[in-house]
Amino acid sequence: MRAGRWVLCAVLGAALAAEVGGRGAGWGALGPGGRARQRVALTFDDGPSERTPELLAVLARHAAPATFFVTAPAARRWPRHLAALRAAGHELEAHGRWHVHALLLPPWREWAQVRWHPRAGEGGPHFYRPPYGGHSPLTRPLTCLAGREVVLWDVEGRDWTDGDAARLAAGVLARTRPGSVILLHDGPAVTPALLDRLLAGLRERGLTPVLLRDLPPRRIGWREGWRRLRTSYGR
């Protein structure tokens, strides 16, 4: 029984370390780009959705490119929206075969999770953003084996809350710096209005949205990781 408790403690400890070090700190994943250039990357998780045409219209009005981390079920449900994103020149990356936290997936399902990509047959790089940014102890090894790069963010749009567009946009702009990777979602009703205000604010500050691959994102090191830890939990 004592050996069993030690095994259980070891497993739980590894899971906690993966979640804190992987999602919270993000050490070793790709994150913000260099701070010297006046560029930022707008990224959208969870799509495509019924909201995608509205987002496309706002992006087109501001002549802004964006990166969409799409899920397999949404891509199957909204193939025309997926094609519209591609036709408009936006970047398509992977958000998983299932929108499930990595800690809830057995190893064989997490392997299938990270292998799926909307551009699997095309040239790389192939970015993967785990749902919720969540990590298991196997997330990084499996993504490496699959030829994927884990990409996180440094600014959350918080469009999944009940905040209004003006307040949310002001919060994003207050936290955005050159090189930031901004996390938004394709789905919430507030996101198109938030995006419109955000793009206007970025332009006023002289910050230019670019595709994530053109930022480009950099590895999250120790200093950036500790900064992420201070803001990742309890918000």
Side-chain angles (χ1 to χ4, degrees), residues 30 33 37-99 112-131 143 146-153 155-157 159-160 165 168-169 172 176 179-203 207-217:
L30 294 175
R37 305 178 72 177
Q38 299 296 302
R39 293 178 166 187
V40 297
L42 296 170
T43 67
F44 294 85
D45 285 4
D46 300 351
S49 76
E50 70 279 359
R51 205 71 59 191
T52 303
E54 296 178 58
L55 297 175
L56 280 169
V58 176
L59 291 166
R61 187 162 62 248
H62 289 269
T67 299
F68 286 77
F69 287 88
V70 302
T71 68
R76 287 193 300 270
R77 183 179 181 187
W78 304 100
R80 291 185 180 179
H81 294 351
L82 194 72
L85 289 171
R86 181 187 289 269
H90 300 297
E91 187 175 5
L92 295 179
E93 302 296 346
H95 196 41
R97 199 174 187 120
W98 307 278
H99 199 276
Q113 173 89 315
V114 303
R115 286 188 65 197
W116 181 84
H117 198 284
R119 298 185 295 100
E122 303 174 16
H126 292 98
F127 297 140
Y128 168 64
R129 177 173 287 163
T143 53
R148 310 293 185 244
E149 293 272 11
V150 174
V151 181
L152 300 174
W153 60 88
V155 179
E156 285 195 50
D159 49 358
W160 44 268
L168 292 174
V172 173
T176 298
S180 281
V181 177
I182 300 170
L183 169 62
L184 300 169
H185 294 84
D186 184 345
V190 73
T191 308
L194 162 60
L195 177 63
D196 192 45
R197 290 174 177 270
L198 176 57
L199 286 167
L202 292 173
R203 184 171 59 249
L207 294 170
T208 301
V210 297
L211 297 177
L212 185 62
R213 64 172 177 259
D214 294 331
L215 191 58

I want to check something: taking the side chain as every heavy atom from C-beta on, are [X] and [Y] in contact at a cut-off of under 4.5 Å?
| X | Y | result |
| --- | --- | --- |
| Leu56 | Leu85 | yes |
| Thr191 | Leu168 | no |
| Pro130 | Gln113 | no |
| Leu198 | Leu42 | yes |
| Val151 | Glu93 | no |
| Leu212 | Phe69 | yes |
| Val181 | Arg129 | yes |
| Gln38 | Thr208 | no |

Query - Rounded distance (nearest 0.5 Å) linking atom OG1 of Thr71 with atom CZ of Arg77 - result: 10.5 Å
Query raised in the report: How long is the gap from CH2 on Trp153 to CG on Asp45, to the nearest 0.5 Å?
Result: 7.0 Å
Measure across [X] and [Y] and return the closest heavy-atom pair with its distance rounded to 0.1 Å.
| X | Y | value |
| --- | --- | --- |
| His95 | His99 | NE2-NE2, 3.2 Å |
| Gly47 | Ala74 | O-CB, 3.3 Å |
| Leu92 | His117 | O-CE1, 3.7 Å |
| Ser49 | Thr52 | N-OG1, 2.8 Å |
| Gly157 | Leu194 | O-CD2, 4.1 Å |
| Asp159 | Pro188 | O-CB, 3.4 Å |

Query raised in the report: Are Arg148 and Tyr128 in a cation-pi contact, defined as NZ or CZ under 6.0 Å from the six-membered ring centre and within 45° of the axis?
Result: no
Report task. Decide if atom CZ of Arg119 counts as having more than 12 heavy atoms of other residues, nucleotides or ligands within a radius under 6.0 Å. Result -> yes
**Report entry** salt bridge (Lys or Arg N to Asp or Glu O under 4.0 Å) partners of residues 185-202, not counting sequence neighbours, each pair once
**Finding:** Arg61-Asp196
Requested in this report: Give every residue pair that meets the salt bridge (Lys or Arg N to Asp or Glu O under 4.0 Å) criterion with at least one member in residues 50-60, sequence neighbours excluded.
Outcome: Arg51-Glu54
Requested in this report: Please say which of Leu211, Leu215, Leu207 ends up in a side chain to side chain contact (heavy atoms under 4.5 Å, CB included) with Arg39.
Outcome: Leu215
**Report entry** Which residues share a ring pair (Phe, Tyr, Trp, His ring centres under 6.0 Å) with Trp78, sequence neighbours left out
**Finding:** His81
Query raised in the report: In terms of the angle between their ring planes, are Phe44 and Phe68 parallel, tilted or perpendicular, with boundaries placed at 30° and 60°?
Result: parallel
